[in-house]
Novice: 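Here it is: the structure, laid out below.
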Amino acid sequence: MSDSLLSQAEIDRLLNGGGAESEVVATAAQTEAIRPYDPNTQRRVIRERMHSLEIINERFARQFRMDMFNLLRRNPDVTAGQIKIEPYHEFARNLPVPTNLNLVHMNPLRGTALFAFSPQMVSMAIDNLFGGDGRFPTKVDGREFTPTEQRIIRRIMSMAQLSYDEAWSSIFKVQTEYVRSETQIKFTNITSSPNDIVITTPFSVEIGPHIGELHICIPFSIIEPLRELLTNPPLENSKQENEQWHQTIAHQVRDAELDLVARLAEIPTQVSRILRLQKGDVIPLDKPEIVEVYSDGHPVFSGQYGRVNKQLAIKVEKIYAPSLPSFTKENK
């Protein structure tokens, strides 16, 4: 009789309306919920906001705008876009063809960055450089850049390098070095894997009704040693700036000329007595033991009055300004 009784597990399977098939479905659902983990394709999570890099991009936009004005004699509007942290293949997938891709080294950092000029920006710059106003835009889609276009692009790239170095100067000394230029993204190879994380910043260049784009793409592995420096906003009154300012002021103060006046005596008198003075009258003076020396009416120091090497002199015994001794010690 006991052999005919069902176990609790069998009763549950009957109530759920399944047998072996329900177990297979449950197992398949659990298998689908499991995702394979591949260390080579996982994205790195970067949650910090790179304040210093945003400042660098804004400075670059201002400097690059002035350089473009000097080249084109037109007033462009250069705007820095939002910083993006994405895999390299996503950045490459959104680039139009043909895009002028310039590879640069960021010395002393190790690695290669990318400056990408959109075809619209190249066409807009060339048209304005040769006196056009953009009414007849040049189509560059589906063709290579001509030698003339490449020379102008190289000139713009040189200006962008100088502007970018200047933008980095207050954060970290970086010197960009031009490597080569490409038009196919597959020949760049600035990362070891298409899934590596890059930091990209789009810059919009607008001249009149026409808009072009410049993208700066930096692999995260390049600036990872500067991660703490880039995430923390720079202090305007940093120690280095204070020391440089102090040295400049100290150097200028040392070269400043002052008129020193030594008061040997003070004689109280009346105006009527001065009016009665005649030629040959003598005003008696008592030689003071301590003489005070003034500069612009302010007492500087005091000392004994006497002679040194047949010259009148004052031996300094007390300095009134407390900043002068510390200034002297710092500059010894």
Side-chain angles (χ1 to χ4, degrees), residues 53-83 91 95-107 112-171 173-185 188 190 199-218:
L53 190 57
E54 293 176 357
I55 295 175
I56 291 172
N57 292 334
E58 291 294 337
R59 291 175 178 173
F60 170 75
R62 292 195 299 268
Q63 185 64 36
F64 188 63
R65 181 186 65 83
M66 292 186 291
D67 292 339
M68 290 292 290
F69 172 78
N70 294 332
L71 175 65
L72 305 177
R73 296 303 174 184
R74 296 285 300 274
N75 191 15
D77 186 12
V78 182
T79 306
Q82 186 177 3
I83 297 175
F91 166 75
L95 290 177
V97 179
T99 298
N100 179 257
L101 308 170
N102 300 275
L103 285 75
V104 297
H105 291 322
M106 297 180 60
N107 301 321
T112 305
L114 194 67
F115 283 64
F117 296 100
S118 68
Q120 293 79 11
M121 178 179 174
V122 174
S123 175
M124 177 180 61
I126 293 175
D127 185 64
N128 283 271
L129 184 62
F130 287 99
D133 56 2
R135 288 181 297 175
F136 307 101
T138 304
K139 295 183 179 180
V140 296
D141 296 339
R143 68 172 178 84
E144 298 289 337
F145 293 108
T146 64
T148 301
E149 291 173 338
Q150 292 177 2
R151 286 195 297 268
I152 296 175
I153 292 172
R154 184 69 185 93
R155 187 174 177 183
I156 297 175
M157 181 60 197
S158 299
M159 297 189 307
Q161 287 181 246
L162 294 175
S163 300
Y164 203 59
D165 294 346
E166 180 66 23
W168 271 85
S169 60
S170 60
I171 306 297
K173 296 295 182 181
V174 171
Q175 184 176 4
T176 56
E177 178 185 357
Y178 177 80
V179 180
R180 69 178 190 274
S181 178
E182 299 286 351
T183 55
Q184 298 293 331
I185 192 66
T188 55
I190 64 172
I199 312 295
T200 62
T201 305
F203 294 88
S204 176
V205 182
E206 181 177 356
I207 302 178
H210 304 284
I211 300 176
E213 287 188 345
L214 161 64
H215 294 267
I216 298 180
C217 175
I218 305 175

Novice: Measure the shortest side-chain to side-chain distance between Val104 and Met157 over non-hydrogen atoms and say whether it is less than 4.5 angstrom.
Specialist: yes
Novice: Given the rule in the side chain to side chain contact (heavy atoms under 4.5 Å, CB included) test, do Arg154 and Gln150 qualify, once you have shown the distances and angles that lead to the verdict?
Specialist: CA-CA 6 Å; Arg154 184 69 185 93; Gln150 292 177 2; over 6 Å; no
Novice: Can you confirm whether Thr99 sits close enough to Pro96 that some side-chain heavy atom of one is under 4.5 Å from a side-chain heavy atom of the other?
Specialist: yes
Novice: Considering non-hydrogen atoms only, spot the tightest contact between Leu72 and Ala125 and give its length.
Specialist: CD2-O, 3.5 Å
Novice: I'd like to know if the side chain of Ser163 reaches the main chain of Met159, judged simply by a donor and an acceptor atom lying under 3.5 Å from each other, with no hydrogens or angles considered.
Specialist: yes
Novice: Please work out whether the ring planes of Phe64 and Phe60 are parallel, tilted or perpendicular, with thresholds of 30° and 60°.
Specialist: parallel
Novice: Kindly determine whether Met121 and Leu214 satisfy side chain to side chain contact (heavy atoms under 4.5 Å, CB included), including the steps that lead there.
Specialist: CA-CA 8 Å; Met121 178 179 174; Leu214 161 64; 4.1 Å; yes
Novice: Would one find more than 12 heavy atoms of other residues, nucleotides or ligands at under 6.0 Å from atom CD of Glu206?
Specialist: yes
Novice: Please test Leu114 against Ile185 for side chain to side chain contact (heavy atoms under 4.5 Å, CB included), starting from the C-alpha separation and ending with a verdict.
Specialist: CA-CA 10 Å; Leu114 194 67; Ile185 192 66; 4.2 Å; yes
Novice: Could you report the tightest heavy-atom contact between Val205 and Pro76, atom names first, then the distance?
Specialist: CG1-CB, 4.5 Å
Novice: Kindly indicate whether a cation-pi arrangement holds for Arg65 with Phe203, taking the cut-offs as under 6.0 Å to the six-membered ring centre and within 45° of the axis.
Specialist: no
Novice: Roughly how far, to the nearest 0.5 Å, is CZ of Arg74 from CD1 of Ile207?
Specialist: 6.5 Å
Novice: Compare all side-chain heavy atoms of Gln120 with those of His210 and state whether any distance is below 4.5 angstrom.
Specialist: no
Novice: Using only atom types and a distance under 3.5 Å, with no angle test, would you say the side chain of Asp165 pairs donor to acceptor with the backbone of Thr176?
Specialist: yes
Novice: Crowded around Arg155 CZ? As in, over 12 foreign heavy atoms under 6.0 Å?
Specialist: no
Novice: Could you give the distance from CE (Met68) to CG (Asp77), rounded to the nearest 0.5 Å?
Specialist: 12.0 Å
Novice: Rounded to the nearest 0.5 Å, what separation is found between the CD1 atom of Ile199 and the CG atom of Leu53?
Specialist: 7.5 Å
Novice: Looking only at heavy atoms, what is the nearest atom pair of Pro202 and Gln82, with distance?
Specialist: CD-O, 3.4 Å
Novice: Looking only at heavy atoms, which two atoms of Ile211 and Met124 are closest? And how far apart?
Specialist: N-SD, 4.2 Å
Novice: Counting C-beta onward and ignoring hydrogens, is there a side-chain heavy-atom pair between Glu54 and Ile83 closer than 4.5 Å?
Specialist: yes
Novice: Nearest 0.5 Å, what's the CD-CG distance between Glu213 and Leu95?
Specialist: 9.5 Å
Novice: Quick one: CD1 on Ile156 to CD1 on Ile126, what's the gap to the nearest 0.5 Å?
Specialist: 7.5 Å
Novice: Please check if the side chain of Asn102 supplies one atom and the backbone of Phe115 the other of a donor-acceptor pair under 3.5 Å.
Specialist: yes
Novice: Below 4.5 Å, heavy atoms only, C-beta onward: do Ile153 and Ser181 meet side chain to side chain?
Specialist: no
Novice: So, for Cys217 and Ile190, which heavy atoms are closest and what is the spacing to 0.1 Å?
Specialist: SG-CD1, 3.9 Å
Novice: Rounded to the nearest 0.5 Å, how far does CH2 of Trp168 lie from CG of Asn57?
Specialist: 9.0 Å
